[in-house]
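Report on one structure; see the data block that follows.
Atoms considered below: every heavy atom in the structure, side chains included; atoms not considered: hydrogens, waters and symmetry mates. Residue numbers start from 1 in every chain, and the chains themselves are labelled A, B, ... in the order their sequence lines are given, proteins ahead of strands.
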Amino acid sequence: MIRDQIKSAIDQALAHQADDLHLNSPEIEIQGLLNVERPRHGTFGDYAINVSPLAKYARKAPPQIASQIMDQLGNHFWETSVAGGFINLQISPELLTKSLIGIAKTEKPGQNQVYSSLHCLLEFVSANPTGPLHIGHGRWVALGDSLGRLMRHCGAAVTNEFYINDAGSQMRSIANSIWYRALEILGTGGKLPEPQEGQPYPFYPGEYVIEMAQEFLTEHKDQVLAWDNPEHVAPEAALTELMSYSKTSMLAKQKALMERCRLTFDVWFSEQTLHQAGQVKQVIQTLQERGFTYEKDGALWFASSRLGDDQDRVLIKSDGSYTYLTADIAYHENKFQRDNGFYNLMINIWGADHHGYIPRMKAAVAALGYNPDYLEILLGQLVNLIIDGEKTRMGKRKKMMTLEDLVDEVGVDAVRFWMVSKSQDTTLDFNVELAASASDENPVFYVQYAHARCASILRNAFQPRLDTLTQETKPPLLQEPEWQDFLAQLSPESMADLLDGIENEPAKQALRELILKLDGFQDKVLDAVRQRSPHTIARYSQDVAADFHRFYNVCRILVSDPAVAKKRLVVIYALKKVLAQALELLGVSAPEQM
RNA sequence: GCCUCAGUAGCUCAGUUGGAUAGAGCAACCGCCUUCUAAGCGGUAGGUCAUAGGUUCGAAUCCUAUCUGGGGUACCA
């Protein structure tokens with residue numbers, strides 16, 4: 001990577017001049033003191049170094065420092081110049097070509113081992129098996145899966161995990177709801193109770209529950225009739241049966257949808273198993289032994305405020321049942337203990353509505369004796385649906401648009417790209433009409449089109465050509481074996497004059513920019529992991545596509561001279577790899593044609 | 001009240017160890033298809049980076065206060 005080469009050259013130059021620039025005191029870390037960046041305006045060169053941060057040590061004017069350092073940077077890989085406090089570098093065609101060859105020869109561009117010591121348990125989506133996944137879940141699908149893919153690309157071991165909330169009171173609620181819907185269908189007189197003002201409503205009013213009831217009745221009609229009673233209250237046996245049915249049915253649907261979204265969970269972790277294995281009971285005992293619990297008002301409390309939470313939390317309610325938090329603490333202890341403490345980073349992706357939950361979870365981890373810094377909560381802001389130009393709050397509608405509906409309408413690629421193309425720190429407005437109807441307004445097609453164009457060019461090189469003037473069919477520009485040999489023996493010599501052979505100046509500039517952009521891919525991947533921001537990869541893919549389309553318009557690839565065409569084809573070959581890799585990291589398909 | 005995310009072009013958003021003239025897409029307007037995919041490209045226009053202070057050689061970026069909007073503030077999950 002070009003930037004790394006410049007960085008080490010700079011560090012060397014600084015070390016060499018440390019005395020003169022007064023950089024030799026021990027508290028100054030020379031490495032990384034200066035930043036190597038791509039200037040916003042191409043007129044300043046390909047890369048730039050701002051030396052102003054040195055001025056306070058060197059006690060010299062920045063332009064003077066710049067020219068002093070520049071003298072040490074002499075190197076046939078780039079030309080240097082000074083403007084104010086900046087050293088500008090113009091990268092040589094040789095180095096650009098070398099970089100391109102490197103990409104063409106790499107199996108997976110951007111792949112590295114920088115995070116090879118990272119063992120990450122990545123938990124996301126984690127919905128209740130009480131209903132379909134909604135559109136907001138789509139954001140966690142896109143964000144979490146892309147982040148996991150990016151981390152693996154940087155050498156980390158990542159486990160994708162889905163926590164199934166199958167043990168709480170919401171399971172009883174869905175069972176009761178299905179029960180009443182079934183009675184409504186059967187017409188026995190039982191019906192779903194109306195909500196009471198100011199009272200919690202322990203039922204699911206959604207229309208999908210009616211479908212679930214219908215489905216349940218096809219197999220269990222006689223049983224439901226047998227269960228029903230004059231009061232129409234569901235007997236315990238019915239609820240047990242319905243909870244089990246709901247879980248099985250919804251989980252199967254969720255799994256199928258995740259698969260459709262190209263997301264694989266390595267572990268589906270059931271909350272119920274924690275209760276069954278006695279781990280919830282056990283974790284309370286551990287907290288008690290460590291002195292973080294006390295009894296008050298008939299409940300058992302966790303003294304989380306001693307560990308940074310703003311108030312204490314209930315572990316066992318006065319009715320004797322556990323809170324959600326209690327099982328969650330047991331779950332997190334399980335994560336820390338899993339595989340003999342294999343994981344050194346737990347990332348949980350949560351919606352912003354769970355923000356207040358972070359301090360108590362961190363407190364719990366600390367109370368159990370683990371390092372709370374190993375638990376990282378990635379908060380994502382929520383998704384607003386825009387329907388008919390109006391913002392619709394999630395959950396306000398009886399008939400909500402589900403994630404599956406959305407995938408049906410716009411396709412997996414558009415959903416995944418759209419959901420991950422904006423920073424998770426901003427509320428996402430999902431305009432359904434726009435995503436569904438105006439496909440050419442969707443940036444995902446722009447990137448995919450660039451990839452398909454590359455594929456098309458690579459196909460055409462080996463196809464017989466039709467001369468439109470004479471109507472003659474000419475032989476293909478290249479033969480496969482010849483091209484394969486050329487690829488296998490790529491070298492600065494065989495690629496010489498790739499850039500200098502282009503006389504048209506805009507085309508040469510466009511190609512330089514394209515190669516520089518491809519060269520920066522690994523940096524982008526590393527940044528995305530470090531900042532937990534897959535959206536930068538979505539943006540990058542659009543940048544690369546734009547650079548390519550620009551280049552394509554000013555420079556023909558398949559020119560009649562096969563020697564020239566081959567070299568340009570290497571650009572397309574490397575570019576296609578990078579585009580495909582970027583799209584794969586986002587979980588978006590890279591079509592061979594469109 | 002407190003916690004938290006955001007406020008940048010008409011719209012949707014980029015912009016991270018603070019650096020040169022503020023960046024894209026869409027929408028608008030003007031151009032570009034006899035040759036590799038026009039789902040493309042070029043150009044024009046569009047900005048007091050919410051406001052006010054502060055730190056700094058230098059601030060969209062850091063600090064403080066204020067304003068506006070989202071989310072949270074359960075013995076719900």
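- Nucleotide B/C11 forms a Watson-Crick or G-U wobble pair with B/G25, both donor-acceptor distances falling under 3.5 Å.
- In this structure, CG of A/D425 is placed 9 Å from P of B/G15, rounded to the nearest angstrom.
- The distance between atom CG of A/L428 and atom C1' of B/C11, rounded to the nearest whole Å, is 15 Å.
- Here A/T426 lies in heavy-atom contact (under 4.0 Å) with sugar-phosphate atoms only.
- Under 3.5 Å, the side chains of A/S67 and A/Q64 contain no donor-acceptor pair of N or O atoms.
- Within the model, atoms CG of A/D527 and OG of A/S533 stand 7.0 Å from one another, a figure rounded to the nearest 0.5 Å.
- When each of B/C13, B/A20, B/G72 is scored by its nearest atom to the side-chain atoms of A/R40, the top-ranked nucleotide is B/A20.
- In this structure, A/I164 places its CD1 atom 15 Å from C1' of B/A77, rounding to the nearest Å.
- Here the side chain of A/T427 is nearest to one of B/G70, B/G40, B/C36, namely B/G70.
- Side-chain atoms of A/S173 and A/Y204 include no donor-acceptor pair closer than 3.5 Å.
- At the phosphate of B/A77, OP1 or OP2 sits under 4.0 Å from a side-chain N or O atom of A/K317.
- When the options A/K576, A/K577, A/R459 are evaluated for a side-chain contact (heavy atoms from CB on, under 4.5 Å) with A/C454, the one that passes is A/K576.
- In this structure, the aromatic ring of A/F44 is positioned over the six-membered ring of the base of B/A20, centres within 5.5 Å and planes within 30°.
- Judged by distance alone with a 3.5 Å cut-off, no donor-acceptor contact links the side chain of A/S169 to the base of B/C76.
- Under 4.0 angstrom from either OP1 or OP2 of B/U37 there lies at least one side-chain N or O belonging to A/N460.
- Atom CH2 of A/W350 and atom P of B/U4 are 16 Å apart (whole Å).
- Side chain to side chain, A/Y357 and A/D328 meet the donor-acceptor criterion of an N or O pair below 3.5 Å.
- Annotation: salt bridge (Lys or Arg N to Asp or Glu O under 4.0 Å) contacts of A/R556 (sequence neighbours excluded): none.
- Within residues 541-556 of chain A, the residues that place at least one heavy atom under 4.0 Å from RNA chain B are, in residue-number order, A/H549, A/R550, A/Y552, A/N553, A/C555, A/R556.
- Rounded to a whole angstrom, the distance from the P atom of B/G23 to that of B/C30 is 27 Å.
- Nearest-nucleotide mapping onto RNA chain B: of A/E271 and A/E37, the residue sitting toward the 5' end is A/E37.
- Base pairing annotation: B/U56 forms no Watson-Crick or G-U wobble pair, as no partner gives both donor-acceptor distances under 3.5 Å.
- Here the C1' atom of nucleotide B/C3 and the OH atom of A/Y357 are 17 Å apart, to the nearest Å.
- Atom CD1 of A/I87 is separated from atom P of B/G19 by 18 Å (rounded to the nearest Å).
- Judged by closest nucleotide on RNA chain B, A/R539 is the one of A/L34 and A/R539 placed further toward the 5' end.
- Rounded to whole Å, the C1' atom of B/G10 lies 8 Å from the corresponding atom of B/G46.
- Within the shown strands, nothing qualifies as a pairing partner of B/C33 under the Watson-Crick or G-U definition with both distances less than 3.5 Å.
- The base of B/G70 lies close enough to the side chain of A/Q381 for a donor and an acceptor atom to sit less than 3.5 Å apart.
- Side-chain N or O atoms of A/D413 include none that pairs as donor or acceptor with a backbone N or O of A/V588 at under 3.5 Å.
- Within the nucleic acid shown, A/Y446 comes within 4.0 Å of sugar-phosphate atoms alone, with no base atom in reach, counting heavy atoms only.
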